[in-house]
Amino acid sequence: MSSKLPPVKVKDPTTGKEVTLTPIKVWTLAPKKGKGVKIGLFKSPETGKYFRAKVE
DNA sequence: GTAATTCT
DNA sequence: AGAATTAC
């Protein structure tokens, strides 16, 4: 099956609503200097727009 | 600016 | 090619 990444609560910047979405992809965004953060790629169910947000 | 990633 | 994402 294709259940891999858990759903995360993110603020959808296109609607301003907090929604629980399963990320399309998650990766670590980190410079050589520092720890960095996890970023997820999402698609808004309301607008169909893609957006990226931090994944904790 | 830097890091990776992917959509536009 | 340029945008966006977080936080240092």
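Protein chains get the first letters and strands the later ones, always in sequence-line order, with residue 1 at the start of each. Worth knowing before you read on, the calculation uses all heavy atoms, side chains too, and leaves out hydrogens, waters and symmetry mates.
- Residues from residues 10-17 of chain A with heavy atoms under 4.0 angstrom of DNA chain C: there are none.
- The heavy-atom pair separating A:Thr22 from A:Leu5 by the smallest distance is CG2-O, 3.4 Å.
- First and last contacts of DNA chain B with chain A, using any nucleotide atom under 4.0 Å from a protein heavy atom and ordered 5' to 3', fall at B:dT2 to B:dT8.
- When heavy atoms are screened at a 4.0 angstrom cut-off, A:Lys49 is found touching no nucleic acid atom at all.
- If you chain together hydrophobic residues whose side chains sit under 4.5 Å apart, A:Leu29 and A:Leu41 fall into the same group.
- Among A:Glu18, A:Lys54, A:Lys17, the one residue that satisfies the side-chain contact (heavy atoms from CB on, under 4.5 Å) test with A:Lys11 is A:Glu18.
- Within a 6.0 Å radius of CD in A:Glu56, other residues, nucleotides and ligands contribute 12 heavy atoms or fewer.
- The main-chain N or O of A:Glu46 is found under 3.5 Å from a side-chain atom of A:Ser44 such that the two form a donor-acceptor pair.
- The shortest heavy-atom contact between A:Ala53 and A:Val10 is CB-CG1, 4.1 Å.
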message: One character per nucleotide, please: for nucleotides 3-8 of chain C, 5' to 3', B when the base has a protein heavy atom closer than 4.0 Å, S when only the sugar-phosphate does, - otherwise.
response: -BBBS-
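- A:Lys49 is linked by a side chain to side chain contact (heavy atoms under 4.5 Å, CB included) to A:Thr14, A:Thr47, counting only residues two or more places apart in sequence or in another chain.
- Sorted by first and then second residue, the ring pair (Phe, Tyr, Trp, His ring centres under 6.0 Å) pairs involving residues 7-47 of chain A (not counting sequence neighbours) are A:Phe42-A:Phe51.
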Show the atom names and distances, to 0.1 Å, of all donor-acceptor pairs under 3.5 Å that link a side chain in residues 31-39 of chain A to residues at least two apart or in another chain.
none

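- Summarising the geometry of A:Leu21 relative to A:Lys43, their closest heavy-atom pair is CD1-O, 3.9 Å, with the distance given to 0.1 Å.
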